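Okay, structure first, notes after.
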Amino acid sequence: MTDCLFCGIVAEKIKANVVFKNDYVVVFKDINPKAPVHLLIIPRKHIAGVLDIEPEDDAIIGEIFQVAAQLAREHDAAVAGVDV
């Protein structure tokens with residue numbers, strides 16, 4: 001998809017304050033944060049929505065959750081009993 005905002009960020013055609021990236025995901029700060037730590041984790045592969053996830057996307061989905069946990073710890077946003 002060529003006109004997707006998130007694809008533009010992944011392709012570095014649209015500027016973002018990237019805090020983490022690897023082969024599966026890109027993580028950047030929200031431009032209008034609603035919390036002290038407000039990061040967006042997006043897959044490098046364009047996935048329009050939950051219903052578009054395919055079995056071959058399992059590694060991407062797993063990586064999203066692993067990165068979320070890692071960044072929550074690194075940014076002191078992890079709180080016992082609170083989903084991140």
Side-chain angles (χ1 to χ4, degrees):
M1 169 149 303
T2 58
D3 62 345
C4 171
L5 171 70
F6 297 127
C7 289
I9 292 170
V10 168
E12 298 181 0
K13 294 179 181 177
I14 298 174
K15 202 174 206 183
N17 189 348
V18 175
V19 297
F20 179 88
K21 61 183 174 179
N22 65 18
D23 291 340
Y24 296 101
V25 298
V26 175
V27 183
F28 56 96
K29 292 182 178 182
D30 192 290
I31 61 171
N32 189 20
K34 302 296 182 202
V37 178
H38 190 162
L39 304 175
L40 301 174
I41 303 172
I42 58 171
R44 286 188 174 273
K45 175 186 175 186
H46 179 86
I47 301 174
V50 176
L51 297 178
D52 299 301
I53 297 170
E54 301 290 338
E56 61 267 17
D57 298 327
D58 286 354
I60 295 169
I61 303 307
E63 187 68 7
I64 288 170
F65 281 93
Q66 290 292 333
V67 168
Q70 172 189 332
L71 292 174
R73 287 188 293 271
E74 289 176 7
H75 292 271
D76 291 326
V79 178
V82 176
D83 291 334
V84 182

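Remember, predicted model here, so these are calculated numbers, not experimental data.
- Each of I47 and L5 belongs to its own hydrophobic cluster when Ile, Leu, Val, Met, Phe, Trp and Tyr are linked at side-chain heavy-atom distances under 4.5 angstrom.
- Under a cut-off of 6.0 angstrom, the local environment of CZ in F28 is crowded, with over 12 non-hydrogen atoms contributed by other residues, nucleotides or ligands.
- There is a side-chain donor-acceptor pair under 3.5 Å between Q70 and E74.
- Nearest heavy-atom pair across C7 and H46 is SG-ND1, 3.2 Å.
- V18 and V37 sit in two unconnected hydrophobic clusters of ILVMFWY residues. Membership requires side-chain heavy atoms under 4.5 Å apart, directly or through other members.
- With respect to the salt-bridge test (charged N to carboxylate O, under 4.0 angstrom), the residues E12 and K21 qualify.
- Under the 4.0 Å criterion applied to side-chain N and carboxylate O atoms, R44 and D23 are not assigned as salt-bridge partners.
- Note on I41 and I31: separate hydrophobic clusters, where clusters join Ile, Leu, Val, Met, Phe, Trp and Tyr whose side-chain heavy atoms are under 4.5 Å apart, directly or indirectly.
- The cluster map of Ile, Leu, Val, Met, Phe, Trp and Tyr, joined by side-chain heavy atoms under 4.5 Å apart, puts L71 and I64 in the same cluster.
- No side-chain heavy atom of D30 sits less than 4.5 Å from a side-chain heavy atom of L39.
- Remark: K29 NZ is loosely packed, at most 12 non-hydrogen atoms of other residues, nucleotides or ligands lying under 6.0 Å away.
- Considering every non-hydrogen atom in both E63 and N22, the closest pair reads OE2-ND2, 2.6 Å.
- No side-chain heavy atom of V27 sits less than 4.5 Å from a side-chain heavy atom of L40.
- Here the shortest heavy-atom pairing between P43 and V10 reads O-CG2, 3.8 Å.
- Rounding to the nearest 0.5 angstrom, the gap separating the CD1 atom in I60 from the NZ atom in K45 is 5.5 Å.
- Transitive grouping of hydrophobic side chains (ILVMFWY, heavy atoms separated by less than 4.5 Å) keeps I42 and I61 in distinct clusters.
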